[in-house]
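A, B, ... follow the sequence lines: proteins, then strands. Residue 1 opens every chain.
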Amino acid sequence: AQSVTQLGSHVSVSEGALVLLRCNYSSSVPPYLFWYVQYPNQGLQLLLKYTSAATLVKGINGFEAEFKKSETSFHLTKPSAHMSDAAEYFCAVSKAAGNKLTFGGGTRVLVKP
Amino acid sequence: DTAVSQTPKYLVTQMGNDKSIKCEQNLGHDTMYWYKQDSKKFLKIMFSYNNKELIINETVPNRFSPKSPDKAHLNLHINSLELGDSAVYFCASNGQLNEAFFGQGTRLTVV
């Protein structure tokens with residue numbers, strides 16, 4: 001069975017500071033990995049995805065994530081936080097194209113002015 | 001045009017009632033899902049349909065019955081609603097390389 005662990009349910013950063021959200025996964029097969037963002041009272045929006053191509057993946061809104069197989073990690077970063085980055089972030093894994101997503105518990109990001 | 005649309009966005013109902021949530025996608029995807037997000041924001045798959053056929057049914061009470069009249073629609077009917085059913089329900093559909101598109105969610109409150 002697959003699982004996803006997101007370290008830290010809450011992260012607080014200052015505007016302009018680095019955002020780092022941690023995600024570790026377990027999977028018996030090469031995984032597909034995703035980061036989604038959820039703004040208050042909204043659905044989930046895809047930030048970026050890893051599907052066995054380049055290990056450094058760039059997404060929308062200045063976010064990027066690096067797939068590290070040896071560490072079974074897929075951490076999300078953004079060099080400079082903006083107030084609009086305040087949201088809930090979810091890491092997710094699936095076994096194959098067209099398969100269901102297994103989500104981590106989410107990390108809420110608070111951006112301080 | 002909204003890619004995945006759900007109705008209603010908010011639903012408040014009494015225990016014991018039966019209610020439905022509708023979902024439509026205009027992306028031409030073959031696979032559609034229902035996910036449940038609980039009060040702690042945890043997201044879990046409930047059902048998955050591929051071309052109108054049920055392919056995933058996670059351990060969900062049989063009070064929940066999905067229906068897919070065609071591959072663009074996946075509705076969720078819930079019988080005998082309980083307090084514990086209060087949650088946000090998300091519909092999603094699958095794109096290429098498993099990129100899932102989500103609806104805006106339906107916040108169900110059972111009182």
Novice: Is B:Val12 reachable from B:Leu83 through a run of I, L, V, M, F, W or Y residues, each pair having side-chain heavy atoms under 4.5 Å apart?
Specialist: no
Novice: Which residues end up grouped with A:Leu18 if you chain together Ile, Leu, Val, Met, Phe, Trp and Tyr wherever their side-chain heavy atoms are less than 4.5 Å apart?
Specialist: none
Novice: Which atoms form the tightest heavy-atom contact between A:Lys100 and B:Ile45, and what is the distance?
Specialist: CD-CG2, 3.8 Å
Novice: Using non-hydrogen atoms and a 4.5 Å limit, figure out which bit of B:Lys44 sits close to chain A: side chain, backbone, both or neither.
Specialist: neither
Novice: Tell me whether A:Val13 is reachable from A:Phe63 by hopping between hydrophobic residues (I, L, V, M, F, W, Y) whose side-chain heavy atoms are closer than 4.5 Å.
Specialist: yes
Novice: If you count heavy-atom pairs under 4.5 Å with chain B, which of A:Gly43, A:Ala92, A:Ser9 comes out on top?
Specialist: A:Gly43
Novice: With a cut-off of 6.0 Å (strictly less than), are more than 12 heavy atoms of other residues, nucleotides or ligands near NZ of B:Lys52?
Specialist: no
Novice: Quick check: closest heavy atoms across B:Tyr33 and A:Asn99, and the distance to 0.1 Å?
Specialist: OH-O, 3.4 Å
Novice: Among A:Thr102, A:Leu46, A:Leu44, which residue has the highest count of heavy-atom pairs closer than 4.5 Å to chain B?
Specialist: A:Leu44
Novice: Heavy atom to heavy atom, less than 4.5 Å: which residues from residues 77-90 of chain A reach chain B?
Specialist: A:Glu88, A:Phe90
Novice: I need the contact set between residues 104-112 of chain A and chain B: heavy-atom distance under 4.5 Å, sorted by residue number.
Specialist: A:Gly104, A:Gly105, A:Arg108
Novice: Is B:Ile56 in contact with chain A via its backbone, its side chain, both, or neither, using a 4.5 Å heavy-atom distance?
Specialist: side chain
Novice: When clusters are formed by joining ILVMFWY residues with side-chain heavy atoms under 4.5 Å apart, either directly or through shared neighbours, do A:Ile60 and A:Phe67 land in the same one?
Specialist: yes
Novice: So for atom CD, which belongs to B:Glu53, do other residues, nucleotides or ligands contribute more than 12 heavy atoms lying within a distance under 6.0 Å?
Specialist: no
Novice: Can you say whether A:Gln45 sits under 4.5 Å from chain B via the side chain, the backbone, both, or neither, judging by heavy atoms?
Specialist: neither
Novice: Same cluster or not: B:Leu11 versus B:Leu81, using hydrophobic residues (I, L, V, M, F, W, Y) connected whenever any side-chain heavy atoms lie under 4.5 Å apart?
Specialist: yes
Novice: For the side chain of B:Tyr35 and the backbone of A:Leu101, is there at least one donor-acceptor N/O pair under 3.5 Å apart?
Specialist: yes
Novice: Same cluster or not: are B:Val60 and B:Tyr89 linked, directly or through other Ile, Leu, Val, Met, Phe, Trp or Tyr residues, by side-chain heavy atoms under 4.5 angstrom apart?
Specialist: yes
Novice: What is the distance from atom OG1 of A:Thr51 to atom CD of B:Glu99, rounded to the nearest 0.5 Å?
Specialist: 9.5 Å
Novice: Give me the contact list for residues 102-110 of chain B versus chain A, heavy atoms only, anything under 4.5 Å, ordered by residue number.
Specialist: B:Phe102, B:Gly103, B:Gln104, B:Arg107
Novice: Heavy-atom cut-off 4.5 Å, strictly under: side chain, backbone, both or neither for B:Gln37 against chain A?
Specialist: side chain
